[in-house]
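Proteins get letters first, then strands, A, B, ... in listed order; numbering begins at 1 in each. Keep in mind the model is a prediction, meaning the values are calculated, not measured. Hydrogens, waters and symmetry mates are skipped; everything else that's a heavy atom, side chains included, is used.
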Amino acid sequence: MALSNSEIADLFDELADLLDIEGENPYKVRAYRNAARIIRSLPRSLAEMVAAGEDLTRLPGIGERIARKIETVVKTGKLPQLEQALARTPPTLLQLLRIEGLGPKRVKALFGALDIRTLEDLERAARSGKIRQLPGFGPKIEALILKHLDQALEGERRYLRFEAESIATALIAHLRQAPGIDRIEVAGSYRRWRETVGDLDILVTVQGDSPVMERFVAYEGVAEVLSRGGTRSSIRLRNGMQVDLRVVASESFGAALQYFTGSKAHNIEIRTLAVKQGLKINEYGVFRGEKRLAGEAERDVYACLGLAYIVPELREGRGEVEAALENRLPRLVELADIRGDLHAHTQDTDGRDDLETMAQAAKALGYEYLAITDHSRRVTVARGLDEKRLRAQMEAIDALNERLEGITLLKGIEVDILEDGTLDLPDTVLKDLDLRVCSVHYRFNLSKRKQTERILRAMDNPYFNILAHPTGRLINKRRPYAIDLPRIMAAAKERGCLLEINAQPERLDLNDEHCLMARDLGVGLVVSTDAHTATGLQLMRYGVAQARRGWLEKAQIVNTLPLAQLRKVLARP
DNA sequence: GCCGTTTTCGGCCCGACTGTTTTCAGTCG
């Protein structure tokens, strides 16, 4: 069984961490991390590319040496350099890197001087006061280590962007009360619409001598103030989230926004490009020598480099800088392009609202259509519909459509894909619906081959339209089930089936990398909310953001079509 | 280890903050 791209990327990341601790050339370490990132964002599997004899060195950041290593990994499942590094350096040291304040240099020093290999060793040494005696260490660092040990033991916590949004909104409202506040913007992975964020980076500009820092550290949700400076302060909220506030001058706001939005990989590319052009970029502006060329507007930072504006969702170091240079950035799908939602539940199963409430909410969003797709009978916990109850709902929808103006309800179902690949309701009723959303809700633990075949068999049913939440993952809660997505996408394209980008903040399934893969393979997609309430329809922006992170354009998203054209696609010609 | 319209060798993004120092290293973002 060949390793997946993300497994291969993990090997290079692990190698990079170990070499970093060993004090290896930092640029070599960066080259491995860089390669890992490139590998993660590839639309096709390396196994496939190697089998086809493709020249991997044509990928940016992959040279002769790493290409050979990848081939070895694909063929043997092992990365010899990693095995050697593991023999030299205990892998438990990698846990130590997760402690805030401990980087490769200090981990190496702790290992070398005190033979500290594990978090337990670290705690013992810190408690007995040995760490403060090491050169370069002191009582403060020792105390810091003890403080952060607990956090490291439970692993890095990342918050759903959705959770972060309500935290950010409340905090911004608090900051707005400070006199002299001008602009406020959340930067970082939040602005790039990553599905999870580790912390919040807030930028503000102020008029005159505003007490915004005082107000920030005095926020009622603050558990502790981590640092406090003139331009930057950090707090930890009671829920554990870290928030950084940076005060920047108006004339630097655009440059600061660009800089703190990241990603790190994107910024390195941008700055490297700037250096080649004899420019310098920092968070204060773009400079040629002493002369400042831009800084107030983010757009100008890119323009100075001869680049088209790159939206935050694309700033992941996945080729967007090169694309901007060549003026071939995608024209990303936008929320306003969406003409309807194709996955929603009502109180007939596990939703909360009735048909009409859902319809009016969809109309208020400016939609042309909304598909009602309640669960099928197999999902007993949701009181899934059998044929009789489904027929009753269909009649109710027909009757409602007679009365409704400006919105059309589509008769649909979220039908379960059973373990043998058949659908949970007979074709005799499926054929009378406008569309069928098909999904896996149980037996997640089948082998990759069996799970894939289960879905492929289901797609053989001529009424199969959309594969809902294709991997079944729940962020931070449930891992995706094993499936061969490229194969499923190829099969879907061939048969005129579609894949869903589920917009639920804890699903976002397909994820951004899958979206890139779908873009490359050209399979049709829909963005749907899977709403269980009328307000749930507003989550569409999360699905659209995910699509944008995957470089997707309007043409590939089927629910941007007017209803008449949508119906043609759903008929699976 | 990667990369090249200044270079196949010699570069490789940049600044704030902290702690341990007394001019700087490490870490972080």
Could you tell me the separation between the [atom1] atom of [X] and the [atom2] atom of [N], rounded to a whole number of Å?
| X | N | atom1 | atom2 | answer |
| --- | --- | --- | --- | --- |
| A:Glu269 | B:dC14 | CD | P | 15 Å |
| A:Ile70 | B:dG1 | CD1 | C1' | 12 Å |
| A:Asn282 | B:dC14 | CG | P | 8 Å |
| A:Ile268 | B:dG15 | CD1 | C1' | 14 Å |
| A:Ile39 | B:dG1 | CD1 | C1' | 13 Å |

Does [X] have any ring-ring contact (aromatic ring centres under 6.0 Å, His included) partners at least two apart in sequence or in another chain, and if so, which?
| X | value |
| --- | --- |
| A:His514 | none |
| A:Tyr27 | none |
| A:Phe162 | A:Tyr542 |

Give none if B:dT8 has no partner; otherwise give the nucleotide forming a Watson-Crick or G-U wobble pair with it, both distances under 3.5 Å.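 Here B:dT8 is not engaged in any pair, so there is no nucleotide opposite it.
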
Rounding to an integer number of angstrom, what distance separates [N] and [M] when you compare their [atom1] atoms?
| N | M | atom1 | result |
| --- | --- | --- | --- |
| B:dT6 | B:dG11 | C1' | 12 Å |
| B:dC12 | B:dT7 | C1' | 13 Å |
| B:dC3 | B:dC13 | P | 14 Å |
| B:dT20 | B:dG26 | P | 14 Å |
| B:dT23 | B:dC17 | C1' | 16 Å |

So, for A:Gly317 and A:Ala265, which heavy atoms are closest and what is the spacing to 0.1 Å? CA-CB, 4.4 Å

Can you list every pair that meets salt bridge (charged side-chain N to carboxylate O under 4.0 Å, His left out) and has a residue in residues 80-97 of chain A, with sequence neighbours left out?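 Listed once each, the pairs are A:Glu22-A:Arg88.
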
Hey, does [X] reach any base, or is it just sugar-phosphate, or nothing, if we go heavy atoms under 4.0 Å?
| X | value |
| --- | --- |
| A:Arg132 | nothing |
| A:Ile270 | nothing |
| A:Asn267 | nothing |
| A:Ser234 | nothing |
| A:Lys108 | nothing |
| A:Asn34 | nothing |

Can you tell me which nucleotide in B:dC12, B:dA16, B:dG1 comes closest to the side chain of A:Lys69?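 In terms of side-chain proximity for A:Lys69, the closest of B:dC12, B:dA16, B:dG1 is B:dG1.
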
Check whether any side-chain N or O of A:Thr231 sits under 4.0 Å from OP1 or OP2 of B:dG15, and answer yes or no. no

Under 4.0 Å between a side-chain N or O of A:Tyr27 and OP1 or OP2 of B:dG1?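 Checking B:dG1 against A:Tyr27, no side-chain N or O comes under 4.0 Å of OP1 or OP2.
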
Which side-chain N or O atoms in residues 272-280 of chain A pair as donor and acceptor under 3.5 Å with protein atoms at least two apart or in another chain?
residue: A:Thr272; atom: OG1; partner: A:Ile268; partner atom: O; Å: 2.6
residue: A:Gln277; atom: NE2; partner: A:Leu305; partner atom: O; Å: 3.2

Under the salt bridge (charged side-chain N to carboxylate O under 4.0 Å, His left out) test, which residues partner A:Lys105, sequence neighbours left out? none

Contact state string [nucleotides 2-10 of chain B, B base, S sugar-phosphate only, - no protein heavy atom under 4.0 Å]: SS-------

Sugar-phosphate atoms are those with a prime plus P, OP1 and OP2; base atoms are the rest. Using that split, label each nucleotide of nucleotides 19-29 of chain B B, S or - for protein heavy atoms under 4.0 Å, 5' to 3'. SSS----SSSB

Salt bridge (charged side-chain N to carboxylate O under 4.0 Å, His left out) with A:Asp512: which of A:Arg318, A:Arg548, A:Arg519? A:Arg318

Just by distance, with hydrogens left out, do A:Tyr309 and A:Glu298 show a side-chain donor and acceptor under 3.5 Å apart?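 The criterion, which ignores hydrogens and geometry beyond distance, is satisfied for A:Glu298 and A:Tyr309.
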
List the residues meeting side chain to side chain donor-acceptor pair (under 3.5 Å) with A:Ser234, not counting sequence neighbours, and say none if there are none.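 So A:Ser234 forms a side chain to side chain donor-acceptor pair (under 3.5 Å) with A:Arg232, A:Asp244.
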
